[in-house]
Amino acid sequence: GESVGLHLPTLSVQEGDNSIINCAYSNSASDYFIWYKQESGKGPQFIIDIRSNMDKRQGQRVTVLLNKTVKHLSLQIAATQPGDSAVYFCAENMGGGSYIPTFGRGTSLIVHP
Amino acid sequence: ETGVTQSPTHLIKTRGQQVTLRCSSQSGHNTVSWYQQALGQGPQFIFQYYREEENGRGNFPPRFSGLQFPNYSSELNVNALELDDSALYLCASSSGQGASADTQYFGPGTRLTVL
């Protein structure tokens, strides 16, 4: 079946570096994508989203890029801080009038001071 | 904090038992979704309720059922518990419905252990 997956299960960076977390999706019908951050002992927290009619969206220190040609999504975090350490999930919504996001497996981001 | 609360925080049950997990959504959020998150995995969609009616369901058997109440609270019921049901159960609330649903706000989850 079609699924959302992540290329790297763990990413280690130094404080102040930029981080890039990647996500591959295989459902061409997906029209809405979301990145979540999950800290230990907490539920996922919305970071940023993007619709399929866009290829880039920026937030505070975060940027999401969408490449529909290769079905690839990335989350860029600028000037990564220790508080950014968490598991990051991408999720896709297949549209069709429903909002039922499918989550990928997650990438663990470790930020070293 | 998201304004979404869940109870209990942790729960231990034995195989074959039944369990009820509870969620209190943000005021004004008419949509609630429930997810199962196994260790090391992303959340898996169980079902979604909008204005007290089921609005979508994932690939979970009928022994997973839910209820949504007018006071923005909801329940997830699981009958005949199996060992593989051990997971973190998350609820998420949002305003709107379907494709117009606003951002989902997740609760902290209930950690269920089935022995």
Side-chain angles (χ1 to χ4, degrees), chain A residues 1-10 21-25 27 29-53 57 59 62 64 73 75 86-108, chain B residues 1-7 9-10 21 23-26 29-50 53-60 76 87-111:
Chain A
E2 298 184 319
S3 63
V4 174
L6 296 177
H7 295 304
L8 298 173
T10 303
I21 301 172
N22 296 303
C23 176
Y25 68 95
N27 192 332
S30 294
D31 64 355
Y32 179 55
F33 304 86
I34 317 104
W35 280 101
Y36 287 93
K37 171 186 180 183
Q38 187 173 24
E39 297 174 279
S40 180
K42 297 184 179 180
Q45 175 189 359
F46 173 89
I47 301 173
I48 192 168
D49 59 1
I50 189 168
R51 297 205 175 267
S52 58
N53 60 352
R57 191 166 189 219
V62 295
V64 55
L73 193 68
L75 176 69
V87 177
Y88 289 80
F89 294 97
C90 66
E92 63 176 325
N93 184 61
M94 292 189 291
S98 64
Y99 180 67
I100 302 176
T102 300
F103 283 77
R105 191 161 58 96
T107 291
S108 176
Chain B
E1 299 303 321
T2 64
V4 180
T5 60
Q6 291 186 244
S7 62
T9 306
H10 297 86
L21 309 181
C23 172
S24 179
S25 301
Q26 278 197 21
H29 282 189
N30 294 311
T31 298
V32 64
S33 303
W34 284 90
Y35 296 83
Q36 179 194 68
Q37 186 176 23
L39 202 60
Q41 302 294 320
Q44 299 298 306
F45 176 77
I46 302 174
F47 44 57
Q48 182 179 90
Y49 280 78
Y50 175 73
E53 293 196 3
E54 190 175 290
N55 191 41
R57 190 178 182 92
N59 189 28
F60 280 81
L76 164 65
L88 181 69
Y89 288 85
L90 297 159
C91 75
S93 73
S94 58
S95 60
Q97 179 192 17
S100 300
D102 201 351
T103 302
Q104 287 193 330
Y105 294 89
F106 282 83
T110 293
R111 172 71 63 186

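Just so we're on the same page: letters track the sequence lines, and every chain starts at 1. Reckoned from all heavy atoms, side chains included, excluding hydrogens, waters and symmetry mates.
- Between the side chain of Q6(B) and the main chain of Y89(B), a donor-acceptor pair closer than 3.5 Å is present.
- Within 6.0 Å of atom CG in N53(A), more than 12 heavy atoms from other residues, nucleotides or ligands are found, so the atom counts as buried in its surroundings.
- Heavy atoms of Q37(B) lying under 4.5 Å from chain A belong exclusively to its side chain.
- Looking at Q38(A), only its side chain comes within 4.5 Å of chain B, counting heavy atoms on both sides.
- Using a 4.5 Å cut-off between heavy atoms, Y35(B) touches chain A through its side chain atoms alone.
- A donor-acceptor contact shorter than 3.5 Å is absent between the side chain of Q104(B) and the backbone of S94(B).
- Heavy atoms only, all atoms of each residue included: F45(B) and P101(A) are closest at CB-O, 4.3 Å.
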